[in-house]
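Note that the coordinates shown come from a computational prediction; the quantities given were computed from them, not determined experimentally. What you see below is based on every heavy atom in this structure, not just the backbone, and it leaves out hydrogens, waters and symmetry mates.
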Amino acid sequence: MRSLTQSNHDAEVRELLRGAAGALLARLPELTDELVTRVRGGDEAYCTFVPADDHWQSTREGLRIGITTILQDRHERRDLPFTESMARRRAEQGLPVDSLMRMYRLAAQVMWSAIVEYVEREQPERIGVLVRVATHVWHAIDRQALVAGNTYRRREQELLGRNHERVNALLDALLDGTADAGVVRGASAALDLPERARFAVVTVRFPIRHDHEGTRLPEKIGQMRFMWRMRTGHEVGVVALGDASLDDLTQALRLVVSGVAGVSPVVESLVDLGDAHRLAELAMRTCADAGPEIARLDQRLATVLVICQPELSGHLVGGVLGPLLALEGADRDVLLTTLETWLSCEGSAARAAGRLYCHRNTIINRIRRIEQLTGRSLSRPRDIVDLTLALDAVRLLPL
């Protein structure tokens, strides 16, 4: 008896829905106007991202499919492919997902109000059946909203991934110096950077150990904005300086770089970033150890000349430091370390002695021996230049 009663109830619901669906389809343009007006009237995003004609046509089709779906079994839901298609389209148009979900809530209200009006007008004796009808109607629209939300988010992630790839490709073109005028304009728009402004390029190489894994370089320090790209063995950053100086940039990097970094000179346009990238890499190559050390090209020009001319640098090393390098390993290393320390201490034997934990006279005696071996005097500026450049070549080049 219970199953028979339930069957009668189901038949009554289907009959009522069939009549309501026919009445709603007859009012399709009117219902479309109502829903579009309510959506656009209360949501500026729809007005901004979805053209009015597109919105009306897609709403009409969505309502038509949704109304006919009321009569279909759940396993025959032909409205869901349309829902997925529209969700992908709205994601591509940039409509916020909250606006899309609000549209489904309003669609449910418009549909339900139209059904109630139909029953009150045409079959008032069946008002009680509306309670069971509501389950069918709201389930259908809830299912659409759920599918729309999931599809939208998947498509949004796909678009974000593609946009990220495009941004990286444009940044690579700038850093590689392969960007023509069109690419520069596209990069300016995609990266939200002016074509002409004050920029620098930074290259960063972390020490070879595990405690830097997961290190995230900053995207903003003060007024400076950073955009990073991973390269083999190091990272490259384009820095929009604003009014900041290279001193400001170097100081900021000291707070976040545990390895070594090279800093280019300031350039005045995006098209110059390729040259700036090359110069930053050269500056970084002047760092011999794991760091931390920040090398500015404008403060390492002589050393950069040495590493850019390895053949000439080899002749310089042989002509200046040859007799010293011919010594036994321990003796040679002591003298090279003493020379490097003495130069970094600006010729102060006392300071060099403090760093090397020995007596001042020991430093003086070693310096005299270096002068005897090399035939250079550390009291003559030109000889100091020769010794400094030769020492840089020994530190930085595989001679």
Using 4.0 Å as the upper bound for N to carboxylate O, is an ion pair formed by E92 and R155?
yes
Please tell me if the side chains of R254 and P292 come closer than 4.5 Å, counting only heavy atoms from C-beta onward.
no
Salt-bridged, E61 to R64, with N to O below 4.0 Å?
yes
Flag the pair S344 / R351 as yes when at least one side-chain heavy-atom distance between them is below 4.5 Å, and no otherwise.
no
Can you check whether L31 reaches L24 side chain to side chain, under 4.5 Å on heavy atoms?
yes
Quick check: does any side chain N or O of S99 sit under 3.5 Å from a backbone N or O of L95, one acting as donor and the other as acceptor?
no
Does the side chain of Y118 reach to within under 4.5 Å of the side chain of L16, using non-hydrogen atoms?
yes
Going from CG on D53 to OG on S58, what distance comes out if it is rounded to the nearest 0.5 angstrom?
9.0 Å
Charged N to carboxylate O under 4.0 angstrom, E340 versus R395?
yes
Using the rule that two of Ile, Leu, Val, Met, Phe, Trp, Tyr join whenever any of their side-chain heavy atoms come within less than 4.5 Å, decide whether L327 and V334 are in one cluster.
no
Any non-hydrogen side-chain atom of M101 less than 4.5 Å from a side-chain atom of Y152?
no
Salt-bridge test for R369 and D331: reply yes if a basic N is under 4.0 Å from a carboxylate O, no otherwise.
yes
Using a 6.0 Å cut-off, check whether atom CZ of R60 has over 12 heavy atoms from anything other than its own residue.
no
With distance as the sole criterion, is a donor-acceptor pair present between the side chains of D392 and T303 under 3.5 Å?
yes
Work out which heavy atom in A148 is nearest to a heavy atom in Y104; give both atom names and the distance.
CB-CE1, 3.5 Å
Could you check V239 against F199 for side chain to side chain contact (heavy atoms under 4.5 Å, CB included), going step by step and ending with a plain yes or no?
CA-CA 6 Å; V239 188; F199 301 104; over 6 Å; no
Residue that, paired with V317, satisfies side-chain contact (heavy atoms from CB on, under 4.5 Å) out of L325, L324, L397
L325
d(F49 CZ, E44 CD) to nearest 0.5 Å is 10.0 Å
Euclidean distance, W112 CH2 relative to I141 CD1, rounded to 0.5 Å:
10.0 Å
Tell me whether H277 contacts the main-chain N or O of L175 through its side chain, where contact means a donor paired with an acceptor under 3.5 Å.
yes
Pairwise side-chain contact, V256 with P218, heavy-atom cut-off 4.5 Å (strictly under):
yes
Between R296 and D247, is there a salt bridge with N-O shorter than 4.0 Å?
yes
Side chain to side chain donor-acceptor pair (under 3.5 Å) between R300 and T286, worked out
CA-CA 7 Å; R300 302 284 180 97; T286 68; 2.8 Å; yes
Between P51 and Q93 the two heavy atoms that sit nearest each other are CD-NE2, 4.0 Å
Say whether, by atom type as modelled, one donor and one acceptor occur between the side chain of S85 and the main chain of P81 under 3.5 angstrom.
no
Apart from V36 itself, which Ile, Leu, Val, Met, Phe, Trp or Tyr residues share its cluster (side-chain heavy atoms under 4.5 Å, direct or through members)?
W56
For the pair D54 and R90, find out whether any cationic side-chain nitrogen is under 4.0 Å from an anionic carboxylate oxygen.
yes
List the residues meeting salt bridge (charged side-chain N to carboxylate O under 4.0 Å, His left out) with D386, not counting sequence neighbours, and say none if there are none.
R376
For the backbone of A280 and the side chain of T203, can you confirm whether one donor and one acceptor N or O come within less than 3.5 Å of each other?
yes
Looking just at side-chain N and O atoms, do R88 and T151 make a donor-acceptor pair shorter than 3.5 Å?
no
dist S269:OG -> L174:CG (nearest 0.5 Å) comes out at 9.5 Å
Pairwise side-chain contact, E195 with R185, heavy-atom cut-off 4.5 Å (strictly under)
yes
V306 backbone acceptor or donor facing S313 side chain under 3.5 Å:
yes
Distance check, rounded to the nearest 0.5 Å: L301 atom CG versus C308 atom SG?
10.5 Å
Measure from the side-chain N and O atoms of T37 to the backbone N and O of D33, and report whether any donor-acceptor pair falls under 3.5 Å.
yes
Co-members of the apolar cluster containing M284 [side chain, <4.5 Å]:
V260
Answer yes or no: does atom CD of E125 have more than 12 heavy-atom neighbours from other residues, nucleotides or ligands under 6.0 Å?
yes
Quick check: do I384 and R380 have side-chain heavy atoms less than 4.5 Å from each other?
no
Steps toward salt bridge (Lys or Arg N to Asp or Glu O under 4.0 Å) verdict (R198, E268):
CA-CA 5 Å; R198 298 177 67 251; E268 303 293 335; 5.1 Å; no
Residue pair T362 / N365, side-chain donor-acceptor N/O under 3.5 Å:
no
Value rounded to 0.5 Å, distance of CZ in R205 from CZ in R285:
10.5 Å
NZ/NE/NH1/NH2 to OD/OE distance under 4.0 Å, R231 and D176
yes
With a 6.0 Å cut-off (strictly less than), is the heavy-atom count around CZ of R382, excluding the residue itself, greater than 12?
no
Within 6.0 angstrom of D243 CG, more than 12 heavy atoms from elsewhere
no
Look at R27 together with E30 and state whether they make a salt bridge at an N to O cut-off of under 4.0 Å.
yes
